[in-house]
2 protein chains.
Amino acid sequence: MKGKPTSFDIAYRAGVSQATVSRALRDSPLVSEDTRRKIKAIAKEINYKVDKHASSLRRQQAETLAVLLFEDPTSDDSLINPFFMSMLASITRSCARAGYDLLISFQQLSDDWHADYQDSHKADGLILLGYGDYLTSESKLSKLAEQGTHFVRWGPSVPGQAGLTVGCDNVQGGRLLTEHLIRQGRKRIAFIGDASLHCPEFLDRHRGYVDALKAARLKPSADLLVTAADSTEQVGHAAMATLLARGKPFDAVFAASDLIAIGAMRALSERGMRVPDDIAVVGFDDIPMASFTNPPLTTVLQDTRLAGELMVATLINLIEKKRPAENAMLPARLIIRRSCGASLVATANVKPGR
Amino acid sequence: MKGKPTSFDIAYRAGVSQATVSRALRDSPLVSEDTRRKIKAIAKEINYKVDKHASSLRRQQAETLAVLLFEDPTSDDSLINPFFMSMLASITRSCARAGYDLLISFQQLSDDWHADYQDSHKADGLILLGYGDYLTSESKLSKLAEQGTHFVRWGPSVPGQAGLTVGCDNVQGGRLLTEHLIRQGRKRIAFIGDASLHCPEFLDRHRGYVDALKAARLKPSADLLVTAADSTEQVGHAAMATLLARGKPFDAVFAASDLIAIGAMRALSERGMRVPDDIAVVGFDDIPMASFTNPPLTTVLQDTRLAGELMVATLINLIEKKRPAENAMLPARLIIRRSCGASLVATANVKPGR
DNA sequence: GATGCTGATGAAAGTGCTGTCATTGCGAGC
DNA sequence: GCTCGCAATGACAGCACTTTCATCAGCATC
């Protein structure tokens with residue numbers, strides 16, 4: 001046999017028409033059980049697979065999703081937020097389970113990637129990861145939505161937004177961590193992050209932090225708020241240096257991400273300060289690294305597996321219109337390790353430091 | 001306009017035939033400069049993109065590559081070897097640059113994924129990551145090769161292998177690390193890894209280790225060899241426990257991967273042993289985590305960016321047959337941090353512990 | 001004036017599949 | 001015996017492109 005086998009080859013061998021082959025392979029009820037079995041057997045024997053392009057062209061759908069992962073243009077390849085990576089793993093699996101293929105592309109936020117995937121019919125829908133600030137990119141997203149492109153974004157949902165989002169309850173996460181620190185007897189808890197609209201996740205985490213402080217009749221202080229716009233170790237290190245330079249006393253630090261927390265801990269240890277004895281530190285994300293730091297980092301787990309599954313499910317609902325698709329918010333889960341100064345023995349809900 | 005625009009829409013607007021539109025958009029020399037410009041302008045205006053499926057069907061090529069990432073079925077989602085992740089980033093970029101799309105799929109080694117991608121014309125070629133032991137899967141690979149599937153594998157090249165490989169010079173890396181430890185005055189260097197054929201990378205690293213010892217007139221001792229078949233933190237921790245339990249003296253440990261090294265360091269620190277003062281530790285891979293451990297891990301960098309680029313380039317050469325495609329081996333690069341006990345000041349070629 | 005050439009274009013076949021419509025064979029119902 | 005219905009199948013028209021082959025005008029050559 002020359003070239004890849006086609007449905008005609010099977011039809012010839014089975015002594016039926018090519019149309020019947022197509023029907024049999026798609027499990028149409030229009031073919032008899034006998035014929036179906038015969039055709040499937042032959043298909044298997046000659047290693048036949050339905051041609052993706054012909055099928056997609058005819059049916060006008062790609063059965064493919066695309067993940068666009070946006071990254072900070074300055075960041076090092078090797079430092080891609082591991083958080084997105086574990087989400088990616090979950091997405092690939094959910095896609096496969098749903099019978100969709102998955103295209104992947106790493107994009108710069110500045111790129112004009114618009115609609116390429118859907119316009120060219122490469123993908124039926126888009127998953128947007130790391131899209132950053134919703135506000136500054138709103139116009140792009142509304143344009144996408146206008147064109148009828150199906151997409152789901154990871155991040156907090158914003159009133160009036162274009163498209164759907166799946167996100168984590170950052171307010172709750174912030175509250176959990178702060179409450180936990182307060183329970184450990186910490187009174188002066190600094191916050192490293194960004195309380196502006198620039199990063200809505202950080203904003204929500206900060207809101208949870210403030211909520212918890214107020215509930216405990218503690219006052220959030222501007223002295224203990226340091227801006228860290230990016231989620232990198234370097235930024236965390238610098239922010240901690242800034243905080244220390246202010247000379248205001250504090251006994252705990254809430255870093256808006258694990259990477260920031262890791263950088264902050266490095267700054268502390270360089271100055272001979274002990275975590276958690278002198279300063280308790282907590283992060284956010286539960287990246288794999290968090291359990292290997294010294295001390296292991298108390299943080300909040302965003303369930304990446306569930307997140308990936310939900311994003312895929314939501315997107316497919318959007319595409320197939322069989323079920324309604326809506327925004328989703330995942331609960332945050334406190335992961336207590338040693339950096340917060342808790343005694344592990346007494347605490348429930350513990351994920352060990354491995 | 002209803003539905004996505006097609007090349008006929010453009011043809012109509014431009015007052016030319018549809019064939020001319022197709023030619024113009026593919027920059028065929030057969031159309032005049034004027035016509036081409038006009039057509040491209042219209043295409044841009046109505047946001048037209050060539051339909052991927054129609055084009056692929058007609059041209060019988062997908063302009064798509066697929067990455068199959070094989071993973072240990074037992075491993076946690078969040079612990080996907082970060083090493084492959086940074087490679088993945090590089091692969092996505094190289095693909096995009098070459099005008100190929102990239103499909104991604106996480107596979108269990110046991111899955112019968114064979115040829116699905118190429119048989120169904122989803123992809124023109126395969127990139128195999130984490131394929132593990134070549135020997136046990138040789139039959140699958142030869143079958144692939146027989147069917148004419150183009151693929152490139154990450155890993156050491158094996159004589160008589162099916163398909164092409166891009167890999168890192170693991171022997172050289174092992175030698176570099178061991179020589180470095182010896183230069184620091186370490187005499188009894190343990191090896192945690194697997195010196196069997198099960199994992200060819202580990203085997204090669206061990207070979208480099210033995211080479212370096214012999215060159216320094218030191219004797220590799222079976223007492224100081226511990227098997228660690230998988231590259232995980234847990235396995236490293238257990239292996240170190242085994243080594244310590246033997247009670248044989250040693251002053252350094254060569255872990256066959258960073259994750260193993262991190263586990264080993266945890267085991268040491270649990271027993272109150274100091275790294276590097278009591279025991280020097282080195283790893284292999286330079287995963288992002290390696291610079292954040294305490295102390296930061298001395299290791300060998302495999303240039304994932306270059307690796308990704310090379311794999312894509314090799315695969316495309318294979319597909320397009322324009323240039324010869326051949327196996328490639330990347331040089332290993334020593335990254336000196338603190339876990340080996342070197343004084344950083346005196347040493348060249350240092351990547352700081354950040 | 002016939003021929004050949006050249007550069008640009010159009011017509012049309014083909015790519016492999018899916019879904020609609022037509023056809024066939026056969027048993028039931030009248 | 002004839003129609004009707006039904007189940008199973010076949011014929012065929014796309015789907016949106018790419019590419020081969022044919023056409024054609026314009027110009028040069030003899």
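From a predicted model like this one, the values you see are computed outputs, not experimental measurements. All values below were derived from every heavy atom in this structure, side-chain atoms included, with hydrogens, water molecules and symmetry-related copies excluded. Per chain, numbering begins at 1; letters A, B, ... match sequence-line order.
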Base, sugar-phosphate, or nothing for A:Gln18, non-hydrogen atoms under 4.0 angstrom? base
Atom CD1 of B:Ile10 and atom C1' of D:dA16: how far apart are they, to the nearest Å? 12 Å
Counting the atoms with a prime plus P, OP1 and OP2 as sugar-phosphate, which does A:Val16 contact under 4.0 Å by heavy atoms, base, sugar-phosphate, or nothing? sugar-phosphate
Find the distance between CE (B:Met311) and SG (B:Cys95) and round it off to the nearest 0.5 Å. 10.5 Å
For A:Tyr48 and A:Thr6, which heavy atoms make the closest approach, and how far apart are they? CE1-C, 3.5 Å
Between the side chains of B:Gln18 and B:Ser7, does any donor sit under 3.5 Å from an acceptor? yes
Of all of residues 23-31 of chain A, which get a heavy atom below 4.0 angstrom from DNA chain D, listed by number? A:Arg23, A:Leu30, A:Val31
Using the salt bridge (Lys or Arg N to Asp or Glu O under 4.0 Å) criterion, which residues pair with A:Glu33? Sequence neighbours excluded. A:Arg36, A:Arg37
Heavy atoms only, 4.0 Å cut-off, all strands: where does A:Ser22 land among base, sugar-phosphate and nothing? base
Within the structure, does a side-chain N or O atom of B:Ser17 lie under 4.0 Å from either OP1 or OP2 of C:dA11? no
Taking only the side-chain nitrogens and oxygens of B:Ser56, find out if one of them lies under 4.0 Å from OP1 or OP2 of D:dC17. no
Test side chain to side chain contact (heavy atoms under 4.5 Å, CB included) on A:Leu330 and A:Gln302; report intermediate values, then the result. CA-CA 8 Å; A:Leu330 306 177; A:Gln302 311 189 54; over 6 Å; no
Rounded to whole Å, please give me the gap between CG in B:Asp34 and P in C:dG7. 16 Å
For the pair made of CD in B:Gln61 and C1' in D:dC17, what is the distance, rounded to whole Å? 14 Å
Is B:Gln60 near enough to C:dG14 that one of its side-chain N or O atoms lies under 4.0 angstrom from OP1 or OP2? no
Is the phosphate of C:dT9, meaning OP1 or OP2, less than 4.0 Å from a side-chain N or O of B:Ser32? yes
Among the nucleotides C:dC17, D:dA16, C:dG19, which one has an atom lying closest to any side-chain atom of A:Arg59? C:dG19
Given C:dC17, C:dA11, C:dG19, identify the nucleotide with an atom nearest to the side chain of A:Ala19. C:dG19
Aromatic ring pairing A:His53/B:His53, orientation class (parallel under 30°, perpendicular over 60°, tilted between): tilted
Side chain of A:Thr20: nearest nucleotide among D:dC17, C:dG16, D:dG10? D:dG10
In this structure, how many angstroms lie between the P atom of D:dC17 and the NE2 atom of B:His53, rounded? 12 Å
Spacing between A:His121 atom NE2 and D:dC17 atom P, to the nearest angstrom: 9 Å
With a cut-off of 3.5 Å and sequence neighbours excluded, list every side-chain donor-acceptor pair involving residues 318-326 of chain A.
residue  : atom : partner  : partner atom : Å
A:Glu320 : OE2  : A:Tyr100 : OH           : 2.9

What is the separation between atom OH on B:Tyr12 and atom P on D:dA16, rounded to the nearest whole Å? 18 Å
Provide, to the nearest angstrom, the distance between the CG atom belonging to A:Leu57 and the C1' atom belonging to D:dA13. 13 Å
